[in-house]
**Student:** 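Mind looking over this structure? Questions follow.
Values reported hereafter were calculated over all heavy atoms of this structure, with side chains retained and with hydrogens, waters and symmetry mates removed. Every chain is numbered from 1, with letters handed out A, B, ... down the list of sequences.
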There are 2 protein chains.
Amino acid sequence: MLSTEGILATLTENGGRETASRRLIAQAVAGRSAAFTAQEIYEELAPRGVGRATVFRTLNLLHERGLLNRLHIGEGCHSYTLCEPQHHHHLVCVRCGCVYPFGTPGDCTVVADVQRLAVRVGFVVEGHHVEVFGRCAECLST
Amino acid sequence: MLSTEGILATLTENGGRETASRRLIAQAVAGRSAAFTAQEIYEELAPRGVGRATVFRTLNLLHERGLLNRLHIGEGCHSYTLCEPQHHHHLVCVRCGCVYPFGTPGDCTVVADVQRLAVRVGFVVEGHHVEVFGRCAECLST
DNA sequence: GGCCGAATTGAGACTCATTCTCAAAAGAAT
DNA sequence: ATTCTTTTGAGAATGAGTCTCAATTCGGCC
């Protein structure tokens with residue numbers, strides 16, 4: 001599902017079109033294991049004629065459809081991680097950006113924890129955002 | 001500790017100086033219960049001669065010292081919440097920005113959950129970021 | 001294969017938050 | 001009061017992201 005084809009399939013559902021630019025973006029995104037920024041994708045594809053706006057538009061689309069997770073770690077806002085669309089969180093290395101998913105759908109302890117408070121104050125929880133950051137084994141040894 | 005004086009005390013520790021602008025910013029920040037942006041503080045204080053750069057510098061300083069939490073909810077990145085410097089998380093209303101803190105220091109289930117995975121892959125956790133968003137009772141009824 | 005309407009595109013202008021620069025002003029220490 | 005350092009504000013600069021719009025490209029249909 002996270003292959004280039006899978007990403008394209010997501011883009012073309014609901015009558016979307018498969019275009020040359022989208023194919024290139026899907027490839028670029030699928031070929032990354034670590035977190036990446038829109039800028040990086042743009043720089044990689046600009047020589048092949050893909051415009052900045054198109055990169056942002058396409059990444060936003062993938063984010064809306066749940067294939068891309070937005071991270072807020074470190075200084076620069078907004079890096080992305082390709083991921084399965086089910087609910088989960090990420091352990092992200094602040095140095096190399098590599099990502100380990102954790103947490104299983106339907107068993108999110110974060111929500112369970114806060115639900116008591118929410119009920120008490122009459123708050124309706126719509127969602128949450130969790131990021132755990134640190135250093136991966138490889139970055140620790142370098 | 002979250003009074004104007006407490007905020008100023010934090011700013012002046014380590015040889016920092018207490019200035020007119022910082023006093024105004026401390027007051028403005030202390031007087032807010034909901035989340036706010038740097039822009040809002042700037043607009044409030046610009047007529048009194050506080051510069052934009054100073055607002056950003058001071059809010060960053062308070063963030064570094066742990067008195068201000070950065071939120072990433074909704075569209076616009078970077079709103080702030082004044083908070084006790086101990087570890088905890090926030091339940092934030094996406095409509096009015098009001099904030100309920102939750103979680104107690106030393107008992108963060110988020111870390112506990114992910115620690116097993118971290119150990120297994122040799123990852124050293126440095127910190128995490130949690131945000132739960134939704135709608136508060138008041139916003140639901142309006 | 002060629003035609004058509006709709007979706008998509010890229011270039012570049014634009015916005016807006018944030019940072020930088022730097023000379024002037026204001027604290028603190030003496 | 002003097003001096004040294006920190007802080008300041010104005011405005012320029014940066015940089016991510018968005019918008020506009022005419023030109024291009026898709027994909028279905030004949």
**Student:** Of the nucleotides D:dG17, D:dA16, D:dG27, which one has an atom closest to the side chain of A:Glu18?
**Tutor:**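 Nucleotide nearest to A:Glu18's side chain: D:dG27.
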**Student:** Below 4.0 angstrom from OP1 or OP2 of C:dC20, is there any side-chain N or O of B:Arg57?
**Tutor:** no
**Student:** Within this structure, what is the CD1-to-C1' distance between B:Ile25 and D:dG9, rounded to whole angstrom?
**Tutor:**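 Interatomic distance, CD1 of B:Ile25 to C1' of D:dG9: 12 Å.
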**Student:** Examine distances only and state if a side-chain atom of A:Arg70 and a backbone atom of A:Ser79 form a donor-acceptor pair shorter than 3.5 Å.
**Tutor:**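 Looks like no, no N/O pair under 3.5 Å.
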**Student:** Report yes or no: is there a donor-acceptor pair, N or O only, under 3.5 Å between the side chain of A:Arg52 and the base of D:dA16?
**Tutor:**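 Answer is no: no donor-acceptor pair is held.
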**Student:** Taking atom C1' of C:dG12 as reference, at what distance in whole Å does atom OH of A:Tyr42 sit?
**Tutor:**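 It works out to 10 Å between those atoms.
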**Student:** In whole angstroms, how far is the P atom of C:dT18 from the CD atom of B:Glu40?
**Tutor:** 11 Å
**Student:** Do the side chains of A:Arg95 and B:Glu126 get close enough for a salt bridge, i.e. N-O under 4.0 angstrom?
**Tutor:** no
**Student:** In whole Å, I'd like the distance from the CZ atom of B:Arg22 to the P atom of C:dA26.
**Tutor:** 15 Å
**Student:** In this structure, how many angstroms lie between the P atom of C:dT21 and the CZ atom of B:Phe56, rounded?
**Tutor:**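 One finds 17 Å between P of C:dT21 and CZ of B:Phe56, rounded.
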**Student:** Which is true for B:Asn14 with a 4.0 Å heavy-atom rule: it touches a base, it touches only sugar-phosphate, or it touches nothing?
**Tutor:**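 The residue B:Asn14 makes no contact with any strand.
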**Student:** Go through the N and O atoms of the side chain of B:Arg17 and the base of D:dT5, and report whether any donor-acceptor pair is under 3.5 Å.
**Tutor:** yes
**Student:** Rounded to whole Å, how long is the line connecting atom CG of B:Leu68 with atom P of C:dT18?
**Tutor:** 12 Å
**Student:** I need the CG-P distance between B:Leu71 and C:dA17, as an integer number of Å.
**Tutor:** 17 Å
**Student:** OP1, OP2 of D:dG17 versus side-chain N and O of A:His78: anything below 4.0 Å?
**Tutor:** yes
**Student:** Classify the ring geometry between A:Phe123 and B:Tyr100 as parallel (under 30°), tilted (30 to 60°) or perpendicular (over 60°).
**Tutor:**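 A:Phe123 and B:Tyr100: perpendicular rings.
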**Student:** Under 4.0 Å between any heavy atoms, over every strand shown, what does B:Gly15 touch: base, sugar-phosphate, or nothing? Just pick one.
**Tutor:**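 Contact class for B:Gly15: none.
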**Student:** Parallel, tilted or perpendicular: which fits the ring planes of A:His72 and A:His129, with parallel below 30° and perpendicular above 60°?
**Tutor:**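 Geometry flag for A:His129 against A:His72: perpendicular rings.
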**Student:** Kindly indicate whether the side chain of B:Tyr80, heavy atoms from C-beta on, has any atom under 4.5 Å from the side chain of B:Leu59.
**Tutor:** yes
**Student:** Which one, D:dA16, C:dT19, C:dT18, comes nearest to the side chain of A:Gln39?
**Tutor:**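 Given the options D:dA16, C:dT19, C:dT18, the side chain of A:Gln39 is closest to D:dA16.
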**Student:** Kindly say if B:Thr37 contacts the phosphate of C:dA17, meaning a side-chain N or O under 4.0 Å from OP1 or OP2.
**Tutor:** no
**Student:** Does a side-chain N or O from A:Asn60 land closer than 4.0 Å to OP1 or OP2 of D:dG17, or not?
**Tutor:** no
**Student:** Should A:Thr19 be listed as having a side-chain N or O under 4.0 Å from OP1 or OP2 of C:dT9?
**Tutor:**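 For A:Thr19, the contact criterion (side-chain N or O under 4.0 Å from OP1 or OP2 of C:dT9) is met.
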**Student:** Using whole Å, report how far CZ of B:Arg48 lies from C1' of D:dT8.
**Tutor:**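 These atoms are roughly 17 Å apart.
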